[in-house]
Amino acid sequence: MFENILIWFVVIPIAMMAGLGLCRNSSMNAIRTVMVICSTVLLGLAIWLCCDFLRLREMGVTDEMLFTGSWMWYAPLNIHLAVGVDGISVLMILLSAIIVFAGTFASWKINPLPKNFFLWYALLSTGVFGFFISIDIFTMFMFYEVALIPMYLLIGVWGTGRKEYSAMKLTLMLMGGSAFLMLGLLGIYWHSAPQGGVLTWNILEISHNAAIDADWQYMLFCFTFVGFGVLGAMFPFHTWSPDGHASAPTAVSMLHAGVLMKLGGYGCFRIAIFLLPQAANQLAWIFIILTGVSIVYGAFSACVQTDLKYINAYSSVSHCGMVLFAILMLNTTAMTGAIMQMLSHGLMTALFFALIGMIYGRTHTRDIRQMGGLMKIMPYLGVCYMIAGFASLGLPGLSGFVAEMTIFVGSFQDADVFHRIFVIAATTAIVITAVYILRVVGKLLLGPVQDDHHLSLTDATWFERLSTVTLILCIAGIGCFPNWINEAIQHSFAPIIAAIQGGVI
């Protein structure tokens, strides 16, 4: 088992928790040492996995999943600890490792109870990595739940503002989505084998062998897409997201918006679209309407907010809506854009939340009406915030431009009036995004200083600079050199597109 590299993405976070358990609560240096070592190892392992995956693809290995392994877990229900990755999974693992690493340094001075905070943070990381490496639906769902459970305590104990309300609202809504998801996954399992065959949870076996009736597909598609769509902040199930992000501590906001919300898009893509293609062809229009509303509504809502975290939270609703919108277009170009948008949004929203936490820690306010002229006081943080803003509004050379252009070009390939109308409506979000980003940058960073107490504030420390530089380099790297992403994922779409084309009736 441990010869498979993917298993180590679960083992290392568990080792991280074990190491933290041996630290004394007052030993901050020991806690930081454990977190830095383990998060650095995770990042190095993710980079090595990505490079090795690209090397194998260049050598001509075209298997659907690489680094596969399967070990029986519960024989009566044929549940396996089955792992494997394609290009999409590899990129999501790399994104997760980057944000776990950056979040460690963004939480360098977390108080109170730093040991307990990082224990829950490590458990959340375990769930995220386990989800992306799993190709057994039951195991995937288990890790999905492991990733959700720590959010309640991380927000309820270490959050700010109406943290108890936000934590409970987030938990209840996501658990409601999990109930829909469980029904969908159980339905797929019970229809996972041909007549007289063996029931299975394995995604590859289901896609190759199962022939789920159209009537069942329609119902199961709704359950699974809504279940994952709740986590992806799909309208009208998005209301937990702004409150949860606004109350969460910095590193949790980074991991939650940067990675956890991507579980929703990844699940819709990997399970709802891939395993239920006939229903996806017939019912996609319903969810195109909902995700189109998410894109425009999220952007407009961000325009009227005055709290920095709420602005970024509603921006995330809009950008994550683009991911689901592109997936539902059911063509290679749009789906490629969806994956790029998952990476781009994950990095830039993590950078946003990191910077907001750093600014709030100094000014003790997130209200843009009470701030101004911060570029003069903390130029490093100001420049970083402008870079994050430019990435969000789609400045060429940064990741947001590549992702959004690919999404809208791919979405416009559908020539019918319905798709064209919604694509044109969704593109208005680009203009709206520019409005609220430039408004925030102007009020926050430029003009006169609004509060004389801010004149004595300091700029970023070394650990804050390390966290932000890591994210900025990745954002610029994707924006300037996007081809390697396309090379990583180009083989991943072939079986999915074949399933979609085969599902046309």
Side-chain angles (χ1 to χ4, degrees), residues 225-226 228-239 241-242 257 261-262 264-266 268-269 272-273 280-281 283-305 311-346 348-349 389-396 398-438 482 500:
F225 203 95
V226 169
F228 282 119
V230 172
L231 187 54
M234 181 179 69
F235 181 89
F237 310 106
H238 67 285
T239 56
S241 178
M261 291 177 73
K262 307 304 174 287
Y266 181 87
C268 288
F269 182 82
I273 301 293
N281 278 295
L283 302 181
W285 67 271
I286 299 173
F287 296 98
I288 287 174
I289 295 173
L290 296 180
T291 54
V293 172
S294 293
I295 294 169
V296 179
Y297 165 81
F300 271 119
S301 297
C303 284
V304 299
Q305 302 299 319
I311 293 170
N312 196 36
Y314 279 107
S315 175
S316 293
V317 172
S318 179
H319 284 98
C320 288
M322 288 186 186
V323 172
L324 299 179
F325 185 82
I327 289 172
L328 290 162
M329 291 299 163
L330 307 180
N331 66 67
T332 302
T333 305
M335 288 182 177
T336 301
I339 304 307
M340 286 186 173
Q341 178 72 349
M342 289 168 75
L343 290 172
S344 173
H345 175 259
M348 69 187 184
T349 200
F390 292 150
S392 182
L393 61 81
L395 183 73
L398 299 175
S399 60
F401 175 78
V402 178
E404 291 178 12
M405 279 297 295
T406 310
I407 285 174
F408 291 125
V409 169
S411 299
F412 211 69
Q413 288 181 6
D414 288 294
D416 62 280
V417 175
F418 172 82
H419 284 85
R420 290 286 172 90
I421 288 174
F422 271 90
V423 173
I424 292 170
T427 56
T428 62
I430 300 173
V431 180
I432 304 167
T433 301
V435 170
Y436 67 75
I437 290 296
L438 295 176
I500 292 169

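Just so it is clear, the model here is predicted, and its values are computed rather than measured.
Sorted by first then second residue, the ring-ring contact (aromatic ring centres under 6.0 Å, His included) pairs that include residues 414-433, not counting sequence neighbours, are Phe418-Phe422.
Annotation: the span from Ile424 atom CD1 to Phe412 atom CZ amounts to 5.0 Å, rounded to 0.5 Å. Rounding to the nearest 0.5 Å gives a distance of 10.0 Å between CG of Leu398 and CE of Met348. To the nearest 0.5 angstrom, Ser315 atom OG is 11.5 Å from Ile432 atom CD1. Rounding to the nearest 0.5 Å places OG1 of Thr433 at 10.0 Å from CZ of Phe300. Within the model, atoms OG of Ser301 and OH of Tyr436 stand 10.0 Å from one another, a figure rounded to the nearest 0.5 Å. Rounding to the nearest 0.5 angstrom, the gap separating the OG atom in Ser344 from the CD1 atom in Ile339 is 12.5 Å.
Across all non-hydrogen atoms, the minimal contact from Ile295 to Ala429 is CG2-CB, 3.4 Å. Summarising the geometry of Ala338 relative to Ile407, their closest heavy-atom pair is N-CG1, 3.8 Å, with the distance given to 0.1 Å. Closest of all the heavy-atom pairs between Val323 and Gly265 is CG1-CA, 4.4 Å. Across Ala326 and Ser411, no two heavy atoms sit closer than the pair CA-OG, 4.5 Å. Annotation for Ala280 and Ile273: closest pair CB-CD1, 3.9 Å, computed over non-hydrogen atoms. Pairing each heavy atom of Phe408 with each of Ile430, the nearest pair is CE1-CD1, 3.5 Å.
Residues Met261 and Ser241 have side chains in contact (heavy-atom distance under 4.5 Å, counting atoms from C-beta outward). Counting heavy atoms from C-beta outward, Phe235 and Val317 have side chains that stay 4.5 Å or more apart. Put simply, the side chain of Leu324 does not reach to within 4.5 Å of the side chain of Ser294, judged on heavy atoms.
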- side-chain contact (heavy atoms from CB on, under 4.5 Å) assessment of Met335 paired with Met329: CA-CA 8 Å; Met335 288 182 177; Met329 291 299 163; over 6 Å; no
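Side chain of Lys262 to backbone of Ala257: a donor-acceptor contact under 3.5 angstrom is found. Counting only distance, with no hydrogens or angles, the side chain of Thr291 and the backbone of Ile288 share a donor-acceptor pair below 3.5 Å.
By the 30° and 60° cut-offs, the orientation of the rings of His345 relative to His319 is parallel.
Residues meeting the side-chain contact (heavy atoms from CB on, under 4.5 Å) test with Thr336, sequence neighbours left out: Thr332, Met340, Thr406, Asn486, Ile489, Phe493.
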